Chemist: 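First, the structure itself, so that you have it in front of you.
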Amino acid sequence: VRLRRLREDDYPYVITRLDDWWGGRHVTAMLPRLFFQHFNDTSLAAEDDDGRLIGFLCGFVSQSNPHDAYIHFVGVDPSSRNAAIARSLYEKFFDTVRSRGCTSVACITAPVNEISQRFHSRMGFTMLFQPDYDGIGGARIVMSRSL
Ligand SMILES: CC(C)(COP(=O)(O)OP(=O)(O)OC[C@H]1O[C@@H](n2cnc3c(N)ncnc32)[C@H](O)[C@@H]1OP(=O)(O)O)[C@@H](O)C(=O)NCCC(=O)NCCS
């Protein structure tokens with residue numbers, strides 16, 4: 001597996017597979033093209049030996065708090081799971097944002113996404129359930145860890 005920077009021209013490939021990779025949930029509205037345009041110096045793609053994109057991470061350094069990093073989305077092709085690809089993407093991202101002065105990283109997930117919660121728990125994140133976090137009825141699990 002090779003890690004490289006995410007590019008805008010990865011967007012069509014990712015967005016047409018996103019709901020499928022998320023087990024049929026409708027999540028495409030949460031990943032507009034702007035994440036592939038304006039955050040790609042801290043966002044990553046994982047490619048297999050044939051150059052096929054099998055995982056990605058969209059993350060950035062907080063503009064408001066430059067010591068904080070934030071991971072917006074991570075996904076791995078279902079046929080390539082449980083092979084430490086997401087772990088590699090996270091560790092590369094941690095190195096990148098540490099070198100820019102970040103000391104903590106955060107992300108959020110939906111309460112229904114138990115796989116994400118288990119994954120983040122293995123990656124050392126602590127979790128906090130926040131009712132109405134994203135508006136009325138928008139409960140989220142807020143996750144963070146130090147770097
Ligand atoms: C969550 C996801 C990114 C994990 O990708 P992955 O490449 O299979 O994960 P890894 O192989 O790197 O696993 C890293 C750790 O998490 C654990 N983990 C991963 N998936 C898990 C699962 N379904 N249940 C329990 N633990 C899991 C692994 O056991 C591993 O732990 P270890 O390194 O301590 O042994 C992948 O399942 C996915 O794309 N899911 C759909 C999209 C999604 O929900 N993204 C997260 C919200 S934005």
Side-chain angles (χ1 to χ4, degrees), residues 1-65 68-98 102 104-135 137-147:
V1 172
R2 190 175 77 92
L3 301 185
R4 61 160 172 82
R5 271 170 65 156
L6 197 63
R7 300 188 302 253
E8 184 176 354
D9 66 8
D10 293 319
Y11 187 71
Y13 184 90
V14 170
I15 205 67
T16 52
R17 288 162 178 79
L18 203 68
D19 288 348
D20 182 38
W21 287 15
W22 259 250
R25 282 179 62 211
H26 298 293
V27 294
T28 54
M30 290 190 283
L31 193 64
R33 181 181 282 261
L34 70 89
F35 285 98
F36 288 59
Q37 291 172 316
H38 299 295
F39 298 95
N40 49 17
D41 60 331
T42 50
S43 296
L44 296 158
E47 285 181 345
D48 68 9
D49 291 343
D50 300 325
R52 190 174 60 100
L53 189 151
I54 53 171
F56 73 99
L57 179 158
C58 291
F60 52 87
V61 175
S62 168
Q63 188 168 312
S64 307
N65 300 303
D68 295 340
Y70 187 87
I71 296 172
H72 178 56
F73 254 65
V74 62
V76 171
D77 188 318
S79 65
S80 300
R81 292 208 180 141
N82 298 311
I85 292 170
R87 176 175 279 284
S88 306
L89 289 164
Y90 266 51
E91 287 173 353
K92 176 81 174 166
F93 178 77
F94 294 165
D95 287 345
T96 301
V97 297
R98 258 191 221 110
C102 291
S104 74
V105 56
C107 47
I108 62 172
T109 199
V112 296
N113 196 340
E114 291 176 7
I115 291 175
S116 171
Q117 291 163 51
R118 288 200 287 271
F119 165 71
H120 284 94
S121 170
R122 296 301 302 167
M123 296 304 299
F125 285 75
T126 55
M127 324 253 153
L128 191 61
F129 178 79
Q130 299 268 35
D132 300 334
Y133 184 81
D134 275 335
R140 299 286 181 267
I141 311 288
V142 178
M143 308 182 286
S144 63
R145 59 158 274 179
S146 58
L147 288 172

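Everything quoted here is computed from the prediction, not taken from an experiment. Order of appearance sets the numbers: ligands from 1, and atoms from 1 within every ligand. What's counted below: heavy atoms across the whole structure, side chains too, no hydrogens, waters or symmetry copies.
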Chemist: Could you say whether the N/O atoms of Ala84 and ligand 1 ever approach to under 3.5 Å?
Modeler: yes
Chemist: So if I count the atoms of ligand 1 from 1 in the order they appear, which ones are less than 4.0 Å from some heavy atom of Gly75?
Modeler: 39 (O)
Chemist: Is there a polar contact between ligand 1 and Asn82, counting only N or O atoms under 3.5 Å apart?
Modeler: yes
Chemist: Should one rank Ala86, Gly55, Gly23 by closest heavy-atom distance to atom 5 (O) of ligand 1, which comes out on top?
Modeler: Ala86
Chemist: Would you call Asp9 and Arg7 a salt bridge, using N to O less than 4.0 angstrom?
Modeler: yes
Chemist: Give the atoms of ligand 1, by number and element, whose distance to some non-hydrogen atom of Ile115 is under 4.0 Å.
Modeler: 1 (C), 23 (N), 37 (O)
Chemist: Polar contacts were defined as any N/O atom of the residue lying under 3.5 Å from an N/O atom of the ligand; does this apply to Thr109 and ligand 1?
Modeler: no
Chemist: Tell me if a side-chain donor or acceptor on Arg17 pairs with a main-chain N or O of Asp77 at a distance below 3.5 Å.
Modeler: no
Chemist: Centres of the Phe119 and Tyr90 rings: under 6.0 Å?
Modeler: yes
Chemist: Nearest to atom 38 (C) of ligand 1 by heavy atom, Gln117, Arg81, Arg25: which?
Modeler: Arg81
Chemist: Donor-acceptor pair, distance only, cut-off 3.5 Å: does the side chain of Ser43 make one with the backbone of Gly59?
Modeler: yes
Chemist: Dump the intermediate steps for salt bridge (Lys or Arg N to Asp or Glu O under 4.0 Å) on Lys92 and Asp95, then the final yes or no.
Modeler: CA-CA 5 Å; Lys92 176 81 174 166; Asp95 287 345; over 6 Å; no
Chemist: Considering Met123, His120, Arg122, which one's heavy-atom position lies nearest to atom 17 (C) of ligand 1?
Modeler: Arg122
Chemist: Would you tell me which option among His72, Glu91, Arg118 has the nearest heavy-atom contact to atom 25 (C) of ligand 1?
Modeler: Arg118
Chemist: Short list, please: which atoms of ligand 1 are under 4.0 Å from a heavy atom of Ser116?
Modeler: 46 (C), 47 (C)
